[in-house]
2 protein chains.
Amino acid sequence: MYTYEYPRPALSVDCVIFGLNDDELKVLLIERAHDPYAGYWAFPGGFVDMDETTEEAAKRELQEETGIQNMYMEQLYTFSDVNRDPRGRVVSVAYYALVKLSDFTNQVHASSDAKRAEWFQVNHLPPLAFDHAKIFEVAFNRLKGKVRYQPIGFELLPEKFTLSQLQKLYELILDKELDKRNFRKKILSMGLLVELPERQKGVSHRAAKLYKFDKIKYKELEAKGFSFEL
Amino acid sequence: MYTYEYPRPALSVDCVIFGLNDDELKVLLIERAHDPYAGYWAFPGGFVDMDETTEEAAKRELQEETGIQNMYMEQLYTFSDVNRDPRGRVVSVAYYALVKLSDFTNQVHASSDAKRAEWFQVNHLPPLAFDHAKIFEVAFNRLKGKVRYQPIGFELLPEKFTLSQLQKLYELILDKELDKRNFRKKILSMGLLVELPERQKGVSHRAAKLYKFDKIKYKELEAKGFSFEL
DNA sequence: TCAAAAGTGTTCCGAATACACCCATGA
DNA sequence: TCATGGGTGTATTCGGAACACTTTTGA
């Protein structure tokens, strides 16, 4: 038991994890087994330990609940509505993360807890627990905003990707169609993509060239004041 | 005394308040009377009560410590380094605020506590307590970023302002000179400024027209997909 | 009459947009 | 041989950048 002179809210973290599956943008949810909100879905999360930052807590929870590691992660917002959790005062620091879904088997095995984890398409989410619908909204808007002026979209793609995959990704996130020629012209003119001596395999049409994102070059350019924009 | 099954970090808020004084961008700091960091300066802040959101806490602290009310305020970031406060584990949700300094007497009277509050120019800050230098850095960068694609600069100016004042403000925040004609052309072309039937008074040169920002029109345009950009 | 800031248009250049056809591949 | 997506260039338009002089006012 721990006692304090003044009352303290509990502090938790929640993670909105985006992944790209073929032509669909998805988020990872976990089904709640117990009340409150038994049967509802929620973002993975948990309480912050005393010897870890909130970011460390978010990564730990993610690892524990889904086995996912080493993803791109960023703080989203802190949610502190007094009644957001019926069990009592809980303030939650939300993070959002981008993962290369291709790195995982299609189903993320929920961990120890025998909780069920599943990827849902972003515009077909089931009923969410707590204020998680609000959290998702903030996360998705942040992603839409950020993807345009920082090259974080690549975090969702496999190491090697085609220009069409990249374009489709942007079309999904920004929710509008882009012109193929203009898109290619612009993205290639930045000089951040490396053309690989490889092509797509096993497709029943002309095989596309594969590219990878040159992170090192991006860091260099960024330091010189270059700004990614799409 | 309050007792919990698991230990909990304390939860506080800190506010970075920006104000514009003539030709200088300033932030409000409070001198610490006691250890830790006695004699250092810190952003106003305090602990979050159980019946208020973090945003409410930030506004309350600001009101208590400085008397400032009704300013533009936005959540900045949550700082959770394990050792950021030598007294123990304290997680702090930081906010930044923009105030019309013209609304206040030049010196903000520090409140009850007999703490000394003072406005400092943003590039001549005294030594700051805790991780407040880091907080300031994040806040200033956020301001620089946000001011370009949201019309928040107006929150720093008086109701009625001249185009030169507006331009100077942007030059200060973005830290670069802007061309007068291009600036005016662009800002006026947005149709968000209302020309008032008034002019500057008591200046020893040609008196400038006064304008005000049309917030209602901005909301309308924003809803239609217009995006402010400078 | 001087100093100091207000106010005002045009030209040029580069980037964004619009747009259509042939190519390679496996089924 | 057909269906499917891969790959490519040009003309036009629009917005950003550069740039200098006249006007007004109070000291």
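Only heavy atoms go into these numbers, but all of them, side chains included; no hydrogens, no water, no symmetry mates. Only a predicted model underlies this, so the values are computations on that prediction, with no experimental measurement involved.
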Examine C/dT8: is either OP1 or OP2 under 4.0 Å from a nitrogen or oxygen in the side chain of B/K209? Give yes or no.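 Affirmative; the distance criterion is met.
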How about B/Y37: does its OH atom have over 12 heavy atoms from other parts shown lying under 6.0 Å from it?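 More than 12 within 6.0 Å, yes.
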Is it the case that more than 12 heavy atoms not belonging to B/R199 sit under 6.0 Å from its CZ atom? yes
Starting from [atom2] on [N], measure out to [atom1] on [X] and report it in whole angstrom.
{"X": "A/E171", "N": "D/dG5", "atom1": "CD", "atom2": "P", "value": "13 Å"}
{"X": "A/L178", "N": "C/dC19", "atom1": "CG", "atom2": "P", "value": "15 Å"}
{"X": "A/D179", "N": "D/dG6", "atom1": "CG", "atom2": "C1'", "value": "14 Å"}
{"X": "A/L163", "N": "D/dT8", "atom1": "CG", "atom2": "C1'", "value": "12 Å"}
{"X": "B/R199", "N": "D/dT23", "atom1": "CZ", "atom2": "P", "value": "15 Å"}
{"X": "A/K201", "N": "D/dG6", "atom1": "NZ", "atom2": "P", "value": "17 Å"}
{"X": "A/E177", "N": "C/dA18", "atom1": "CD", "atom2": "C1'", "value": "14 Å"}
{"X": "B/Y170", "N": "D/dG16", "atom1": "OH", "atom2": "P", "value": "14 Å"}

Could you go through the side chain to side chain contact (heavy atoms under 4.5 Å, CB included) check for B/L128 and B/W41 one step at a time? CA-CA 5 Å; B/L128 298 182; B/W41 294 78; 4.1 Å; yes
Would you say the ring centroid of B/F228 lies under 6.0 angstrom from that of B/F226?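 Ring-ring flag for B/F228/B/F226: false, centres at least 6.0 Å apart.
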Is the base of D/dG7 touched by the side chain of A/K180 through a donor-acceptor pair closer than 3.5 angstrom?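 Pair found.
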Measure from the side-chain N and O atoms of A/T162 to the backbone N and O of A/A208, and report whether any donor-acceptor pair falls under 3.5 Å. no
Quick one: does B/S80's side chain have a donor or acceptor within less than 3.5 Å of a partner on A/T54's backbone? yes
Per A/S164 side chain, nearest of listed nucleotides C/dC19, D/dG5, C/dA27: D/dG5
Considering only heavy side-chain atoms of B/R206, the closest of C/dA5, D/dG26, D/dC19 is C/dA5
Is any side-chain heavy atom of B/M190 closer than 4.5 Å to a side-chain heavy atom of B/L221? no
Nearest-nucleotide 5' precedence on DNA chain D, B/V203 against A/A208: A/A208
When you measure from every atom of DNA chain D, which of residues 181-190 of chain B have a heavy atom less than 4.0 Å away?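 Result for residues 181-190 of chain B: B/R181, B/N182, B/K185, B/K186, sorted by number.
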